[in-house]
Amino acid sequence: MDNRPDIFDRPVLSNQIAKLILDILQGQGVEKSDVFEHLDFGDEKVTDGEALLAFHEMFALIDVALRLSPTPWLGLKVGDAETVGTWGALGYAIMSSATEKEAAQIGPKYYQAAPSLMHSESRIEDGRQRIQMDPIYPADRLIPFCVEENIVGIWRVSSEYLSEPLRPLEIHLSYPKPVYARKYDEYFDCPVHYEQPSNILWTRAPTDQPLRTSDPASAKICLQLAEQMVQRYRGEDDFILMIRRELLRNPGEMPDMEEIASMLAMSSRTLRRKLDELGTSFRRVQDDVRQNLALDYLQNTGMNIDQIAVRLGYSETTNFRRAFKQWTGKAPSLFRV
């Protein structure tokens, strides 16, 4: 039984990044047939310009690509190949903005209109722009790809409309130093700190400088298209999505209701009431996240059952086994591949 949250199963992601992944793999000598024999959808989902992908399809493609590619730094290569067009209506809305500051505000507000693999929030801190990138889909092993694609993509795309692109000044990463860390030195050329609480990119702060690509009429049309795409994306209430983001923010940690309420600057009573009004509960949202993470850990990591239970916030492995059987009808050991 598959109980993935609706947001992961609905086709909401445009396929531009998927196309880049496939193009890069083919350039590396990987046959298209070798990619799709491992996936439960056909290549028309990637080659058809009007097709949309579900999150679980997009991340399954990334997983297969990383297994087949000779370059584990595939996320860097994908980001390096991105253009304004990769971001679709959102990219053109940003490029058509009046000033740098306006462009910087549009990106995080309408990120769901692009094929975004992470949720991004930005603010100015100590005279620099701070962009925090949080996972949307529960697949810890794919976070490096998503962060790499996001950072390099921001830099490359910004070079098309800014006279001074948003080059990285400092980077914090939530994961350990990868074996290919020298590639980070080549691409980023800035301090990179590993095993940090969050994934954060610092760039120069945007200014009031007018964009050389500014076009008010185009900006208005593209923003309308971006808004329509965001509405298509939002099948689940924003408040529930916000809770999911907080639960996924720090891999290996599973906050309880009081901690989540504190993160959202409200009391646990208010949190419970809001979820009740939406016809759900904190336990249900948390269990959705736990189930998806559990399936990912079982099928794609070497962690044993005890380690997975701890990572999901269970004090007793028996409690995890019991919960998993309630979710799926099977014991965790039966999901090993």
Side-chain angles (χ1 to χ4, degrees), residues 1-13 54-59 108 111-112 116-121 132-143 146 174 197-199 230-300 308-317 319-330 332 335:
M1 180 178 180
D2 191 348
N3 293 322
R4 272 192 308 259
D6 175 62
I7 186 61
F8 298 148
D9 285 326
R10 287 187 294 107
V12 296
L13 290 171
F55 269 100
H56 77 89
E57 292 172 332
M58 184 68 207
F59 279 80
Y111 78 95
Q112 293 166 328
S116 304
L117 304 180
M118 303 199 83
H119 169 76
S120 297
E121 294 181 353
Q132 180 160 327
M133 302 161 286
D134 294 319
I136 297 174
Y137 190 81
D140 287 358
R141 72 192 183 284
L142 302 182
I143 287 178
C146 296
S174 64
S198 299
N199 296 294
V230 169
Q231 293 307 316
R232 176 192 69 197
Y233 180 105
R234 291 175 176 169
E236 220 176 12
D237 185 88
D238 279 354
F239 185 66
I240 297 176
L241 289 173
M242 201 183 323
I243 293 173
R244 290 191 193 283
R245 279 204 309 270
E246 295 298 337
L247 289 169
L248 289 167
R249 190 181 291 274
N250 296 313
E253 299 178 11
M254 185 55 61
D256 59 24
M257 185 167 67
E258 285 70 25
E259 291 170 321
I260 292 293
S262 177
M263 293 173 188
L264 299 179
M266 64 180 65
S267 67
S268 57
R269 181 177 180 180
T270 300
L271 176 64
R272 187 183 296 109
R273 175 178 57 77
K274 283 179 172 287
L275 288 172
D276 186 57
E277 290 171 354
L278 293 169
T280 190
S281 67
F282 179 78
R283 175 68 177 273
R284 189 177 303 170
V285 176
Q286 186 185 57
D287 279 353
D288 279 342
V289 171
R290 277 175 159 164
Q291 179 189 348
N292 280 278
L293 286 173
L295 290 169
D296 181 57
Y297 294 149
L298 287 167
Q299 295 172 340
N300 298 292
I308 293 173
V310 170
R311 197 167 179 85
L312 295 179
Y314 289 95
S315 57
E316 299 289 339
T317 302
N319 292 336
F320 166 62
R321 292 179 185 275
R322 187 180 304 115
F324 191 88
K325 192 163 187 179
Q326 289 175 346
W327 299 331
T328 66
K330 298 179 181 179
F335 279 81

Which heavy atom in Cys146 sits nearest to a heavy atom in Leu117, and how many Å separate them?
SG-CB, 3.9 Å
Only one of Arg284, Gln291, Arg283 passes side-chain hydrogen bond (donor to acceptor under 3.5 Å, both in side chains) with Asp287, and that residue is Arg283
Under a 4.5 Å cut-off applied to non-hydrogen side-chain atoms, are Trp327 and Asn292 in contact?
no
What one should report as the nearest heavy-atom pair of Arg290 and Leu312 is NE-O, 2.8 Å
State, with a plain yes or no, whether a side-chain heavy atom of Tyr137 is found less than 4.5 Å away from one of His56.
yes
Are the side chains of Ile243 and Val289 in touch, meaning some heavy atoms are under 4.5 Å apart?
no
So does Glu316 have more than 12 non-hydrogen atoms from other groups sitting under 6.0 Å from CD?
no
Which heavy atom in Ser116 sits nearest to a heavy atom in Ile136, and how many Å separate them?
O-CD1, 4.0 Å
Rounded distance [0.5 Å steps], CD in Gln326 versus CZ in Arg322:
7.5 Å
If I take atom OG1 from residue Thr317 and atom CD1 from residue Ile308, how far apart are they, to the nearest 0.5 angstrom?
10.0 Å
Do the side chains of Ile260 and Met263 get nearer than 4.5 Å, heavy atoms only?
yes
Spell out, as yes or no, whether a donor-acceptor pair under 3.5 Å connects the side chain of Asp134 to the backbone of His119.
no
Would you name the heavy atoms of Ala309 and Phe320 that are closest together and state the gap between them?
CB-CB, 3.7 Å
For the CD atom of Glu258 and the CG atom of Leu271, what is their distance to the nearest 0.5 Å?
9.0 Å
Roughly how far apart are Phe239 CZ and Glu277 CD, rounded to 0.5 Å?
9.5 Å
Contact check, side chains of Arg321 and Lys325, non-hydrogen atoms, under 4.5 Å:
no
Rounded distance [0.5 Å steps], CG in Leu275 versus CZ in Arg273
10.5 Å
Within the structure provided, determine whether Asp288 and Arg244 are in side-chain contact (heavy-atom separation under 4.5 Å).
yes
Heavy-atom closest contact (Ser198 atom, Gln132 atom, distance)
OG-NE2, 3.6 Å
Mark yes or no for whether Gln286, through its side chain, and Pro255, through its backbone, hold a donor-acceptor pair below 3.5 Å.
yes
In Å and rounded to the nearest 0.5 Å, what is the CZ to CG distance from Arg311 to Leu293?
8.5 Å
Work out which heavy atom in Met257 is nearest to a heavy atom in Phe282; give both atom names and the distance.
N-CE2, 3.4 Å
Keeping Glu259 on the side-chain end and Asp256 on the backbone end, is there a donor-acceptor pair under 3.5 Å?
yes
